[in-house]
Amino acid sequence: QVQLVESGGGLVQAGGSLRLSCAASGGTVSGSGMGWFRQAPGKEREFVVGISWSGRSTQYANSVKGRFTISRDNAKSTLYLQMNSLKPEDTAVYYCAAAKSGYIYLSAAQYEYWGQGTQVTVSS
């Protein structure tokens, strides 16, 4: 059973940066597409960015394009999300997820394993 654990969240001022990490254990995710989702209070969980199993393909939500960068290190079984130029509207709980196959999926239903989430709060 794969377990995903996020870290790196916190409180930051608008314009600042954070780097999230997601460490996988209990199994391999090297062949899985992975993604970051977020959920703000009172809102549905939304897709932020996804990466293919090889890391060669990525897809970003328009709201974060040019500010966020996803990467992965399959040797370390770790997924990363570098977040720059943060805005108050980026405030949410951020979740990493591993998909059922190696592709990028925008739908949460295509992801098999989820982390517990890490809080990101951006103050204005």
Under the 3.5 angstrom rule, does the side chain of [X] hit a backbone N or O of [Y] as a donor-acceptor pair?
{"X": "T91", "Y": "V122", "result": "yes"}
{"X": "E6", "Y": "Q116", "result": "yes"}
{"X": "R72", "Y": "G33", "result": "no"}

Treating Ile, Leu, Val, Met, Phe, Trp and Tyr as nodes and any side-chain heavy-atom pair under 4.5 angstrom as an edge, say whether [X] and [Y] lie in one connected cluster.
{"X": "L81", "Y": "F37", "result": "no"}
{"X": "Y95", "Y": "M34", "result": "no"}
{"X": "L4", "Y": "I104", "result": "no"}
{"X": "Y60", "Y": "V48", "result": "yes"}
{"X": "W36", "Y": "L18", "result": "yes"}

Quiz item: Looking at CH2 of W53 and OG of S32, how far apart are the two atoms once the value is rounded to the nearest 0.5 Å?
Solution: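 Going from CH2 on W53 over to OG on S32, the span is 11.0 Å.
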Quiz item: About how many Å separate NZ of K65 and OG1 of T58, when rounded to the nearest 0.5 Å?
Solution: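 Going from the OG1 atom of T58 to the NZ atom of K65 covers 9.5 Å.
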Are any non-hydrogen side-chain atoms of [X] and [Y] less than 4.5 angstrom apart?
{"X": "V120", "Y": "R38", "value": "no"}
{"X": "Q13", "Y": "L86", "value": "no"}
{"X": "V49", "Y": "F68", "value": "no"}
{"X": "R67", "Y": "D90", "value": "yes"}
{"X": "L106", "Y": "Q59", "value": "yes"}
{"X": "R45", "Y": "W114", "value": "yes"}

